[in-house]
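Start at 1 and go down the list; that is how both ligands and their atoms are numbered. Computed from a predicted structure; not experimentally measured. Residue numbers count from 1 along this sequence.
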Amino acid sequence: MNFNTALLHEGVDKKEKFGATLTPIYQSSAFYQQTADNLAGIFGNKAPGYCYTRVANPTISAFENRINKLEGGIGTIAAASGMAALFNAVTNIVRSGDEIVSSASLYGGTIDLFRDLEAFGITTRYVQNNNWEQIEAAINDKTRLVFAETIGNPSLDVTDIDKLAELAHKHGVPLLVDNTCATPYLIKVLEHGADIVINSSSKYINGSSNSISGVLTDSGKFKWDKERYPGLAEYVKFGPYAYIAKLRNGLFRNTGACLSPQTAFLNSIGLETLGLRMERECSNADKLAHFLEDNYKDFTVNYPGLESSPWHEIAKKELKHGYGAIITLRVGSKEKAFKLLDSLNIAYRLSNIGDTKTLVIHPASTISLHSTKQQQEDAGVFDDLIRISVGIEDFEDLRDDFIQAIKKI
Ligand SMILES: *Cc1c(COP(=O)(O)O)cnc(C)c1O
């Protein structure tokens with residue numbers, strides 16, 4: 001099936017009990033069984049079925065199955081937020097003394113999370129994205145994973161996933177990719193060699209900002225070495241399912257950041273229009289980026305679809321259908337950036353991306369506030385920079401809103 005058809009039909013349970021076309025919301029904390037033996041079987045992972053929503057739930061499974069098909073994985077876990085999915089994805093394979101090698105161009109929350117992990121003896125070595133020599137030099141025998149975002153939020157650099165995966169694998173470690181800004185519409189990173197993909201489904205997958213959630217999907221292809229990953233030793237008998245089995249049986253159920261069934265339902269609705277929305281959002285973003293670059297020479301417009309982007313060639317090679325729907329704009333000073341944000345009438349000033357509506361923010365004073373100045377600059381955040389998450393409005397209205405707001409500065 002092609003992308004949009006697959007969104008509607010792949011991984012969908014067509015044998016729903018009463019024929020509902022979308023798995024209903026099973027708003028139940030727990031599930032009773034006919035016999036104590038059945039319940040024991042479910043708890044022991046020896047029988048199919050549900051026992052407790054923190055562990056699994058039919059509405060959540062329905063959403064997970066669709067994401068799993070979409071990403072081409074062997075197992076997907078949905079969590080209460082993108083951050084929870086990231087935390088689970090990473091801590092499933094690292095322990096005290098281990099190291100992470102990560103692109104420095106990350107979402108601020110992830111930089112904060114990696115700093116929090118230091119208290120548990122897990123350190124992160126930051127490298128410049130796509131700087132192969134620097135990345136290779138940072139990998140050592142303590143490294144347990146390589147991490148990057150496909151399109152860095154908000155620096156908008158584009159990772160060469162094929163190359164990074166090859167490099168990680170050469171050193172016997174997996175590549176974990178946060179694909180939130182690109183979405184599977186632009187790239188299915190598992191097909192490009194990444195081992196685990198994480199999406200904040202609060203963004204484009206949900207699509208209209210009605211709930212927070214995250215998903216992680218395993219390709220099942222990475223061969224876990226028992227010595228290097230002692231935590232996985234008792235799970236390697238599950239072959240490709242080792243990573244997901246460990247997570248489901250351990251940290252994921254024990255840290256308890258499960259999704260709510262209602263959110264899983266809303267996400268399943270959102271997922272069906274991911275392709276349509278992305279098509280429009282990417283097209284609007286491409287037009288707006290070109291318009292701003294062509295007409296405001298004092299500004300620096302950053303968008304992977306612009307030939308002026310240092311990442312344009314990688315983006316052209318790697319991304320399908322478009323270049324994403326996020327633009328950043330440097331306008332000369334923080335004062336001008338604030339004034340511009342305050343003068344926009346259509347775009348919402350808020351901290352989010354991937355909505356149907358256009359959203360704008362000043363990252364340095366908000367989402368990257370807790371990073372150091374150096375971390376901010378490495379992540380492409382400057383005092384005069386605004387980020388625009390382009391929505392599905394009619395382009396002419398968006399353009400006119402920017403024209404009138406820019407006139408004020
Ligand atoms: C929003 C975001 C996250 C965190 O997701 P939440 O759902 O807000 O927890 C992680 N990575 C990227 C790239 C994001 O944009």
Worksheet item: Under the 3.5 angstrom rule, does the side chain of T143 hit a backbone N or O of L145 as a donor-acceptor pair?
Response: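 No: the side chain of T143 does not pair with the backbone of L145.
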Quick check on contacts: which atoms of ligand 1 are under 4.0 angstrom from a heavy atom of [X]?
{"X": "G82", "result": "5 (O), 6 (P), 7 (O), 9 (O)"}
{"X": "S81", "result": "7 (O), 9 (O)"}
{"X": "I353", "result": "15 (O)"}
{"X": "D178", "result": "10 (C), 11 (N), 12 (C), 13 (C)"}
{"X": "S213", "result": "7 (O)"}
{"X": "S202", "result": "6 (P), 7 (O)"}

Worksheet item: Does a donor on one side chain sit under 3.5 Å from an acceptor on the other, for H192 and D160?
Response: no
Would you call [X] and [Y] a salt bridge, using N to O less than 4.0 angstrom?
{"X": "D98", "Y": "K142", "result": "no"}
{"X": "E64", "Y": "R248", "result": "yes"}
{"X": "R125", "Y": "E99", "result": "yes"}
{"X": "K339", "Y": "D342", "result": "no"}
{"X": "E234", "Y": "K246", "result": "no"}

Decide whether an N or O pair under 3.5 Å exists between [X] and ligand 1.
{"X": "L86", "value": "no"}
{"X": "E149", "value": "no"}
{"X": "Y107", "value": "no"}
{"X": "C181", "value": "no"}

Worksheet item: When rounded to the nearest 0.5 angstrom, what distance separates CG in L216 from CG in L176?
Response: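 Rounded to the nearest 0.5 Å, the CG-CG separation comes to 8.5 Å.
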Response to the item:
Of all protein heavy atoms, the one nearest atom 5 (O) of ligand 1 is S200 OG, 3.0 Å
Worksheet item: Which residue owns the protein heavy atom closest to atom 2 (C) of ligand 1, what's the atom, and how far is it?
Response: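 Nearest protein contact, heavy atoms only, for atom 2 (C) of ligand 1 is K203 NZ, 2.5 Å.
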Discussion item. With a heavy-atom distance limit of 4.0 Å, tell me whether A84 approaches ligand 1 through its side chain, its backbone, both, or neither.
Written reply: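 For A84, no heavy atom sits under 4.0 Å from ligand 1.
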